[in-house]
Amino acid sequence: MRTRTENAARVVVIGAGMAGARLAARVPGVTVIGEEAHAPYNRVLLAEVLAGRYEPDVIALPPAEVRRGVRVVRIDRADRQVLCDDGSVVGYEHLVLATGSNPVLPPLRGLGHVLPDGVHPFRTLDDCLTLRAAVRPGVRAVVIGGGLLGVSAARALAECGAQVVLAQQGEHLMERQLDAEAAGMLRHHLESLGVEVHTECRVRGLRCTDGDTPAVRAVELADGYELEAEITVLACGVRPRTGLAQAAGLDVRKGVVVDDELRTSDPYIHAVGDCAEHDGTVYGLAGAALEQADVLAEVLAGRPARYGGTRALTRLTLRSPSAAPVPAGTTGAAVVSGTPGGLDLAAFGDSRPMPGDDVIRLADATRGAYRTVVVRGDRLAGGVLFGDLAAVGTLARTWQDDEPLPADMSLLHLLTNDGGF
């Protein structure tokens with residue numbers, strides 16, 4: 001039942017995540033509606049909160065006017081209104097979907113729509129705080145998923161004193177970003193912290209207690225082996241939140257389809273961030289969300305701007321528990337302090353060579369340093385740096401600019417022009 005109707009706002013944003021907050025900071029007078037009770041925050045730093053290195057207020061984004069704890073339940077495109085679960089109706093001239101994504105819940109035996117006690121997704125600040133409250137020294141924790149999120153969660157749980165097992169279905173950790181050699185070094189780093197890493201390991205189900213409130217007791221692997229677990233973290237990827245868009249009849253494929261002005265199939269509705277699909281790609285990365293929000297701010301202001309895709313760099317922060325926290329940004333390569341027990345890692349582009357690519361690798365076992373770049377044709381396709389990031393700025397700029405490499409530049413120069421190796 002509609003309880004009140006508000007005057008139409010020029011721009012209404014559904015979603016108070018990083019994309020929505022960025023847009024609100026760029027466009028005056030935006031009405032932002034957010035489901036979470038928290039103020040907007042930097043989700044890149046959730047692992048820092050889990051590890052106890054930061055409190056939630058430290059990762060808060062600059063203040064923005066947000067209607068917190070309110071969920072939009074329907075979009076009325078004919079009347080240009082959104083209907084909310086508190087009974088309010090908000091009119092709009094332009095609507096922006098910044099609804100983000102949901103964690104993927106894998107099809108495991110024992111895992112239903114209601115999660116058993118001890119099973120945690122790791123996507124929101126509430127997820128993070130609930131998990132942090134459950135962790136205690138010696139607790140047995142299994143992290144399912146060895147991508148960026150799973151690695152970060154496993155590292156943070158280990159810092160909290162948990163006995164951590166990381167189960168990765170693929171051949172090596174962070175398959176999307178790292179080559180096998182760099183992934184092996186990452187694995188060694190995690191194992192040095194006490195994390196037990198299983199790769200090529202398929203999880204079949206969860207063994208839970210019986211009763212009205214089942215609780216997880218073990219993670220069952222496909223080969224019949226069981227990993228004892230009091231806490232299980234699901235880090236199996238994310239899926240764009242497109243329910244509102246689908247119900248409103250917008251064009252949806254993997255995500256909400258947008259053009260170069262981030263406009264959906266309705267000219268009065270745009271989409272940015274994890275829920276948006278541009279040119280067949282759903283990025284699911286903070287850097288892309290911020291870049292899209294900046295472009296859309298220009299479009300809404302009536303200035304010419306077009307989004308041509310994001311050449312996003314992976315960020316990963318793994319530090320010694322004793323290291324002073326240094327907030328990571330939301331774009332750029334992973335830059336981590338090189339303190340004892342810490343990890344320096346940067347990954348960008350496509351580090352997996354294709355037939356015909358040129359590859360150069362430099363390794364220094366004494367310093368625990370490794371660099372590799374892939375050159376495709378006359379351009380830098382990607383690279384990985386581990387242990388020594390002196391050259392990362394030059395390499396990242398070369399890759400981001402996507403310009404032909406100078407004909408007289410040797411591949412070795414790409415890795416050594418910083419005076420490092």
For the side chain of [X] and the backbone of [Y], is there at least one donor-acceptor N/O pair under 3.5 Å apart?
X	Y	answer
Gln168	His172	yes
Gln163	Gly138	yes
Gln292	Gly273	yes

**OP:** Run the numbers on Glu35 and Arg241 for side-chain contact (heavy atoms from CB on, under 4.5 Å), then give the verdict.
**Re:** CA-CA 13 Å; Glu35 273 187 47; Arg241 295 185 65 183; 2.8 Å; yes
Does [atom1] in [X] sit with more than 12 non-hydrogen atoms of other residues, nucleotides or ligands closer than 6.0 Å?
X	atom1	result
Arg77	CZ	yes
Glu226	CD	yes
Glu65	CD	no

Report the distance from atom [atom1] of [X] to atom [atom2] of [Y], rounding to the nearest 0.5 Å.
X	Y	atom1	atom2	answer
Arg71	Ile14	CZ	CD1	11.5 Å
Leu157	Leu131	CG	CG	5.5 Å
Thr242	Arg253	OG1	CZ	13.0 Å
Arg80	Asp266	CZ	CG	8.0 Å
Glu228	Arg207	CD	CZ	8.0 Å
Leu148	Met174	CG	CE	5.0 Å

State, with a plain yes or no, whether a side-chain heavy atom of [X] is found less than 4.5 Å away from one of [Y].
X	Y	result
Val282	Asp274	no
Val203	Val142	no
Cys236	Gln169	no
Asp350	Arg376	yes
Arg22	Asp294	yes
Val12	Ile33	yes
His189	Arg155	yes
Pro404	Arg379	yes

Tell me the closest heavy-atom pair linking [X] and [Y], and the distance in Å.
X	Y	result
Leu97	Cys275	O-SG, 3.5 Å
Gly255	Pro240	CA-CB, 4.2 Å
Leu50	Ala153	CD2-O, 4.2 Å
His278	Gly309	CE1-N, 3.9 Å
Ala222	Arg204	O-NH1, 3.8 Å
Leu227	His198	CD2-NE2, 4.3 Å

Salt bridge present between [X] and [Y] (N-O < 4.0 angstrom):
X	Y	result
Glu196	Arg140	no
Glu93	Arg10	no
Arg132	Glu55	yes

Subject >> Worked verdict on Leu285 versus Thr310 for side-chain contact (heavy atoms from CB on, under 4.5 Å) >> reply: CA-CA 9 Å; Leu285 298 169; Thr310 295; over 6 Å; no
Original post:
In terms of side-chain heavy atoms, does Tyr370 have a donor or acceptor partner in Asp179 at a distance below 3.5 Å?
Top reply: yes
Original post:
Have Tyr41 and Glu36 got a donor and an acceptor in their side chains that come within less than 3.5 Å?
Top reply: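 The criterion, which ignores hydrogens and geometry beyond distance, is satisfied for Glu36 and Tyr41.
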**OP:** Classify the angle between the aromatic ring planes of Trp399 and Phe348 as parallel (below 30°), tilted (30 to 60°) or perpendicular (above 60°).
**Re:** tilted
Subject >> side chain to side chain contact (heavy atoms under 4.5 Å, CB included), paired with His120, selected from Leu234, Ile231, Asp127, Val143 >> reply: Ile231
Subject >> side-chain contact (heavy atoms from CB on, under 4.5 Å) assessment of Val373 paired with Leu385 >> reply: CA-CA 9 Å; Val373 293; Leu385 290 82; 5.8 Å; no
**OP:** Decide side-chain contact (heavy atoms from CB on, under 4.5 Å) for Leu166 and Leu173; before the verdict, give the C-alpha distance in whole Å, the side-chain angles of both, and the deciding distance to 0.1 Å.
**Re:** CA-CA 10 Å; Leu166 177 59; Leu173 299 175; 3.7 Å; yes
**OP:** Assess whether side-chain hydrogen bond (donor to acceptor under 3.5 Å, both in side chains) is satisfied between Ser265 and Asp251, documenting all intermediate values.
**Re:** CA-CA 6 Å; Ser265 52; Asp251 187 6; 5.6 Å; no
